[in-house]
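Below, chains carry the letters A, B, ... as their sequence lines are ordered, and counting in each starts from 1. The structure presented is a predicted model; accordingly, all values stated were derived computationally and were not measured. Computed from heavy atoms alone, side chains included, the values below leave out hydrogens, waters and symmetry copies.
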There are 2 protein chains.
Amino acid sequence: MSATPDPVASPAARPPTLRDVAILAGVSPMTVSRVFSGNLNVRPEVQERVRSAAATLGYRRNENARSLRPGHRSGLIGVTITNIANPYYAEMQRGIEEVAAEHSRRILIGNSNEDAELESRLVADFLGRQVEGLIVVPSGSAADSTHLRDAAQGGVPIALASRALDDLDVDTVLVDDIGGAFAATDRILAEGHTRVGFLGTQASVFTGRRRLQGFRDAHAVRGIAIDEDLVLAGQRDVQSAEAAMQALLQLADPPTAVFTANNRNTIGAIRAIELDRRRRRSAAPLRIRLIGFDSFEFADLSPVPLSVVAHDARELGRRAATMLLERIDGLDPAVAGRVIELPARLQEVPAP
Amino acid sequence: MSATPDPVASPAARPPTLRDVAILAGVSPMTVSRVFSGNLNVRPEVQERVRSAAATLGYRRNENARSLRPGHRSGLIGVTITNIANPYYAEMQRGIEEVAAEHSRRILIGNSNEDAELESRLVADFLGRQVEGLIVVPSGSAADSTHLRDAAQGGVPIALASRALDDLDVDTVLVDDIGGAFAATDRILAEGHTRVGFLGTQASVFTGRRRLQGFRDAHAVRGIAIDEDLVLAGQRDVQSAEAAMQALLQLADPPTAVFTANNRNTIGAIRAIELDRRRRRSAAPLRIRLIGFDSFEFADLSPVPLSVVAHDARELGRRAATMLLERIDGLDPAVAGRVIELPARLQEVPAP
DNA sequence: GGGGCGATTGATATCGTTACCAATCGGCGG
DNA sequence: CCGCCGATTGGTAACGATATCAATCGCCCC
């Protein structure tokens, strides 16, 4: 005989089924099924025999087969996020999973990478896997939401997180982008600044659009004109944000304050200012008033004085999941899409 | 008639099945099945009729039912992570998903929250859902790995990420914790420091243990004694790390340098030092030499001079997924668990 | 002591899909 | 003009699990 190690049983070419357990335990498949779903009316002695046989074989119920039965639910929730590597969405995912776990649901996750086509494929795949609901951060480039409307029409509940879609009436959890951006900008203007820069994402991104609107509204209310040369939208990562900030700094007449509309842009801006200081071998950074949307782990340790508009990503995830599960658990479908706006609080700048 | 909006079809109490499509198209279920899996030998005209019927009904293949057929694979990979809210693991998850997507696999994800019991339940659930493989960041408290051994014995490939398990011979991707910690500590000692603090996680966490070992090794090689009062292990979050650093600073004879063994502890340490500076209303932070394991987004913008031992979380995820998929795609099971150690590079401190 | 009730167990059919085999048809070579 | 072949289509039986109904058994009460 060869030296192939094979101490216990065969290497399980095929995972054991309920039928295998039944044969080993000398009972019918139905009895095994009963043992694994509540032990209704099975003699303790038989239960013991079945469990022992199952343990010997390493049997596990096939959840996919179970979910085939009528009325059974898959216990899965599909989540598509634009980019999980962004700590904000990671935190949101955590919130989603907390609530999902409380309701015994698992999550299937996919990154859309801001690509509508990819998002659409993810959604289709998730639906094919019988998810009970979808939580979607709609990709910025999503010109149409056909794939989501199809799902909704098919009876699969959807919750949108962070971004709304005008043409899709489903539960949505947003941050008060406009209010937060307004408050931040208003604060800057109240301090006397009149040339305020804006760094944000492209207008096709819902949150970017709204935060720019808050920025504009605040100017309008105070009757201060915006120099459009100071409005740079289109940075989606830290690197491009840093470059954009550098461009602002190098203007002949640079802004005295800048509102950055998300954490990528805030970090890029800080980086540009701090690296500028190091290049100048100066002890003090440029005096630029900086307020950023989104809090992040290092916000209060920034080397550059900074205020942030803070909001709670985990809570956003929790609320989206909660609303979704209400739908899954039978909320009257006639109830129109509910929209929650979570507060965005302007945090005071820490003593420098 | 009432005003209930119900323009198209019924609200799909039950999602349409292949059989429904077949009836509408006036063909047999088999023909529909063929149309959706390669169109082998179905007349174009019939194909068109079937596709049209499917579109009308909003039909989607039930992937769970398909995966019931013998030989079919689920296309799912189960991933358990200790805490996705840690940006390091979020980045890792991204790497895993990139590779999984390249191989047309989706991921089922769950947070174990460093709880072995929870991890075990997640794994059991994933196996029940017929995942083709598992990627696990073993929870620190996992005294035993029975649940994983069962899975492995059942023929489901496993890859461990970030942390190894002594008693489980499976593919594993690690960071060169010992080498990285050694290099960092050696650098500190070479600079002349003799009282070096250590902040890290509890010894039950694999990486924490290894990084402490590198720290000790470096001292041993240089024949420098470690003051055990300066070794604080057990901080798992930023808050407790900050408190631990404060404790070090308040010692009668505080360390002149500190090695922080992960990003939570590094950030906590920076926070303690910076907040101390602010309390003292001083322009300069305490002169403490700081080197931390793990890079993070803000590492080079730290208000406190800092070096880091950098490694690539996304690559770690990619490698784990790649090895797992090799197993799934039929790598000889006789091949013993492969262990990869990714490099951890000591990055120079940026000019302050 | 008989009828009946509850507890226990098993046989059957089905969930949605597809591999396999059989049936049908048109057309072409001999 | 017959028979064979390929193309096309359908019937059947499973995949693993369970709801439903039927069957069996022991035991209690009148």
Using whole Å, report how far [atom1] of [X] lies from [atom2] of [N].
X        : N      : atom1 : atom2 : result
A:Arg129 : C:dG16 : CZ    : P     : 18 Å
A:Arg34  : D:dC21 : CZ    : P     : 14 Å
A:Phe36  : D:dT18 : CZ    : C1'   : 14 Å
B:Gln130 : C:dT17 : CD    : C1'   : 16 Å
A:Arg14  : D:dC15 : CZ    : P     : 8 Å
A:Met30  : D:dT20 : CE    : P     : 11 Å
B:Leu18  : C:dT18 : CG    : C1'   : 9 Å
B:Glu45  : D:dT8  : CD    : P     : 12 Å

Task: From CA spacing to verdict: side-chain contact (heavy atoms from CB on, under 4.5 Å), B:Ile77, B:Arg106 - done: CA-CA 6 Å; B:Ile77 289 176; B:Arg106 300 289 177 214; over 6 Å; no
- [ ] Would you kindly check whether a donor in the side chain of B:Arg66 faces an acceptor in the base of C:dT17, or vice versa, at under 3.5 angstrom?
- [x]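 Between C:dT17 and B:Arg66, which were checked side chain against base, a qualifying N/O pair under 3.5 Å is absent.
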Open item on the list: What's A:Val32 touching, base or sugar-phosphate or nothing? Going by heavy atoms closer than 4.0 Å.
Closed with: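 Touches nothing.
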- [ ] Select base, sugar-phosphate, or nothing to describe what B:Asn41 touches, counting heavy atoms under 4.0 Å on all strands.
- [x]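 Contact class for B:Asn41: base.
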Open item on the list: Need to verify one output field. Residue with the more 5' nearest nucleotide on DNA chain D, B:Pro70 or B:Pro44?
Closed with: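 The residue closer to the strand's 5' end, by nearest nucleotide, is B:Pro44.
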Verify the contact: side-chain N or O of [X] to OP1 or OP2 of [N], cut-off strictly under 4.0 Å; return yes or no.
X       : N      : answer
B:Ser28 : D:dG11 : no
A:Arg69 : C:dG16 : no
B:Thr31 : D:dG10 : yes

Open item on the list: What verdict does the side-chain contact (heavy atoms from CB on, under 4.5 Å) test give for B:Val27 and B:Val32, after you've listed the backbone C-alpha separation in whole Å, the side-chain angles of each residue and the deciding distance to 0.1 Å?
Closed with: CA-CA 7 Å; B:Val27 297; B:Val32 178; 3.8 Å; yes
Task: From D:dT18, C:dT17, D:dG16, nucleotide with atom closest to A:Ala65 side chain - done: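 Nearest listed nucleotide: D:dG16.
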Open item on the list: Nearest to the side chain of A:Arg43, heavy atoms from C-beta on, is which of D:dG16, C:dT17, C:dT8?
Closed with: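 Selected nucleotide: C:dT8.
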Task: A:Glu102 and A:Arg318 ion-paired at < 4.0 Å - done: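 Salt bridge between A:Glu102 and A:Arg318, a charged N being under 4.0 Å from a carboxylate O: yes.
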- [ ] Using a strict cut-off of less than 4.0 Å between a Lys/Arg side-chain nitrogen and an Asp/Glu carboxylate oxygen, indicate whether B:Arg121 and B:Asp125 qualify as a salt bridge.
- [x]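 Salt bridge absent between B:Arg121 and B:Asp125.
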Task: Rounded distance (nearest 0.5 Å) linking atom CZ of B:Arg314 with atom CD of B:Glu98 - done: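 Rounded to the nearest 0.5 Å, the CZ-CD separation comes to 5.0 Å.
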